[in-house]
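Throughout, numbering of the chain's residues begins at 1 and tracks the sequence. Only heavy atoms go into these numbers, but all of them, side chains included; no hydrogens, no water, no symmetry mates.
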Amino acid sequence: MSKGNIVFEAPVYTIEAALLAVEHGADRVELCADFGEGGTTPSPGLLKEIKKHVPVPVFVMIRCRGGDFLYSERELQAMQTDMGILLENGADGFVFGALTSSGEVDESACNKLIQGAKGKPCTFHRAFDLILDKKSALEKIVSLGFERILTSGGAPNVAAGSEIIAKLFLWACDRIIIIPGGGLKAADLRDLHQSWPLKEVHSSCKAFRKSAMNLPPTGLKLSLIEEMEGKVLTVDPQLIRSFRAALDDLD
């Protein structure tokens, strides 16, 4: 449970990151794979191992591939199958979103995935930020039964999207939780909280540590992401603690 009144969710991609995030102040983790694609479905083994060691809820990303959020029937079936397996391995909730070819909420696809969640809480993720008519989309998402929307307000980061996020809080009117997330910094929290009392926030506090492997230089590149070459994605404990402290200072 939250150490204060505002829930701090941290997206993580590794066991190391999950353990550090929880140890230093996260109330919930969002477990993903493939940082470079913005998150895809992680392995059941990773979820199962993390659940052995963390006392907080673990929400799991359901996204069978990167790219867009327009899914075929076979892809939706694969995602539903993944959900069943992840439920068996301890998933506490799910994070997903599906759009139509015109960039609106795909109500049919989302309903299938919500059914696959078997009553576990569902978050509509940042596919929401691609939607132009956010007020109409919010209404559809509420009617579908999602409990949360993760959003940067359609901007590159929360600070830039803060005006839209304030409108979303107003439109939501406590029917659904709006989670500001996407480049969210501790310095952004007070202004957000003053525009509308925060219930939950989402920040990775990510860091890259140097690999502990002791190998001579080869010039070989195995990652498409330059900043990850020879490094391991994790979280920065100091950033997590600072974020936690900033949240608790708002209560």
Side-chain angles (χ1 to χ4, degrees), residues 7-24 26-69 71-72 74-98 109-110 112-128 146-150 179 181-182 200-209 211 222-225 227-228 231-236 240:
V7 173
F8 174 15
E9 175 183 84
V12 298
Y13 295 78
T14 66
I15 293 172
E16 174 185 314
L19 299 183
L20 284 173
V22 174
E23 177 184 354
H24 293 281
D27 302 302
R28 185 173 69 231
V29 295
E30 177 198 75
L31 183 61
C32 312
D34 202 344
F35 167 74
E37 287 286 0
T40 58
T41 306
S43 78
L46 184 62
L47 170 64
K48 187 173 183 177
E49 191 62 25
I50 288 171
K51 286 290 294 182
K52 291 179 184 177
H53 301 289
V54 301
V56 304
V58 180
F59 283 12
V60 184
M61 175 73 76
I62 298 296
R63 188 182 177 204
C64 61
R65 57 165 172 77
D68 60 25
F69 303 97
Y71 301 111
S72 70
R74 289 179 178 176
E75 287 175 325
L76 286 170
Q77 183 58 59
M79 291 159 78
Q80 288 176 286
T81 300
D82 279 338
M83 292 174 90
I85 297 169
L86 291 160
L87 280 169
E88 293 173 357
N89 286 278
D92 296 298
F94 295 104
V95 182
F96 57 85
C110 287
K112 289 177 181 179
L113 294 174
I114 284 176
Q115 295 306 310
K118 305 297 184 184
K120 295 290 185 180
C122 296
T123 301
F124 196 101
H125 61 37
R126 289 190 61 205
F128 182 80
F146 284 90
E147 294 190 10
R148 297 167 176 83
I149 297 173
L150 173 64
I179 314 178
E200 302 187 5
V201 295
H202 174 103
S203 181
S204 67
C205 300
K206 71 178 182 296
F208 296 94
R209 65 167 174 81
S211 171
L222 297 179
S223 176
L224 293 176
I225 302 174
E227 65 180 331
M228 293 188 68
K231 298 176 183 175
V232 176
L233 177 62
T234 182
V235 298
D236 182 332
I240 294 280

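- Of all the heavy atoms in Gly66 and Thr40, the pair that sits closest is N-CG2, 3.9 Å.
- Thr234 meets the side chain to side chain contact (heavy atoms under 4.5 Å, CB included) test with Glu16, Ala17, Leu20, Ala207, Arg209; sequence neighbours excluded.
- The distance from atom CD of Glu75 to atom SG of Cys64, rounded to the nearest 0.5 Å, is 4.0 Å.
- Between Val201 and Val7 there is no side-chain heavy-atom pair separated by less than 4.5 Å.
- Pro42 is listed as a side-chain neighbour of Val60, based on a closest heavy-atom distance under 4.5 Å.
- Of all non-hydrogen atoms in Gly116 and Leu87, the two that sit nearest each other are O-CD1, 3.6 Å.
- Residues passing the ring-ring contact (aromatic ring centres under 6.0 Å, His included) test with Phe35 are Tyr13, Phe208, sequence neighbours excluded.
- The main-chain N or O of Glu37 is found under 3.5 Å from a side-chain atom of Arg63 such that the two form a donor-acceptor pair.
- Shown here for Thr14 and Leu46, the closest heavy-atom pair between the two residues is C-CD1, 4.4 Å.
- By the 4.5 Å heavy-atom criterion applied to side chains, Leu31 and Ile50 are counted as neighbours.
- For Phe96, the ring-ring contact (aromatic ring centres under 6.0 Å, His included) test picks out Phe146, with sequence neighbours left out.
- With sequence neighbours left out, the salt bridge (Lys or Arg N to Asp or Glu O under 4.0 Å) criterion links Glu49 to Lys52.
- Proximity of Glu30 to Leu150: side-chain heavy atoms (C-beta onward) are separated by under 4.5 Å at one or more points.
- Phe124 CZ to Ile149 CD1: the interatomic distance, rounded to the nearest 0.5 Å, is 8.0 Å.
- Applying the ring pair (Phe, Tyr, Trp, His ring centres under 6.0 Å) rule to pairs touching residues 38-65 yields nothing, sequence neighbours excluded.
- The shortest side-chain heavy-atom distance between Met83 and Leu113 falls under the 4.5 Å cut-off.
- Under the side-chain hydrogen bond (donor to acceptor under 3.5 Å, both in side chains) criterion, the residue pairs touching residues 112-125 are Glu73-Lys112, with sequence neighbours excluded.
- Residues that satisfy the side chain to side chain contact (heavy atoms under 4.5 Å, CB included) test with Ala98, not counting sequence neighbours, are Tyr71, Asp106, Ala109, Cys110.
- Going from atom CD of Glu147 over to atom CD1 of Ile179 covers 10.0 Å, rounded to the nearest 0.5 Å.
- Residue pairs that meet the salt bridge (Lys or Arg N to Asp or Glu O under 4.0 Å) test with at least one member in residues 76-98, sequence neighbours left out, are Lys51-Asp92.
- Under the ring-ring contact (aromatic ring centres under 6.0 Å, His included) criterion, His202 pairs with no residue, sequence neighbours left out.
- With sequence neighbours excluded, the residues that form a side chain to side chain contact (heavy atoms under 4.5 Å, CB included) with Ile85 are Pro44, Thr81, Asn89.
- Atom SG of Cys205 and atom CD1 of Ile240 lie 4.0 Å apart (nearest 0.5 Å).
- Between Ile62 and Leu86, the closest side-chain pair of non-hydrogen atoms falls below 4.5 Å.
- With Asp27 contributing its side chain and Phe8 its backbone, the two residues share a donor-acceptor pair below 3.5 Å.
- Applying the side-chain hydrogen bond (donor to acceptor under 3.5 Å, both in side chains) rule to Arg148 yields the partners Glu200; only residues at least two apart in sequence or on another chain are considered.
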Run Lys206 and Leu233 through side chain to side chain contact (heavy atoms under 4.5 Å, CB included) and show every step you take.
CA-CA 7 Å; Lys206 71 178 182 296; Leu233 177 62; 4.1 Å; yes
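- For the pair Val29 and Pro11, the minimum side-chain heavy-atom distance is 4.5 Å or more.
- In terms of the salt bridge (Lys or Arg N to Asp or Glu O under 4.0 Å) criterion, residue partners of Asp68 (sequence neighbours excluded) are, by chain and number, Arg65.
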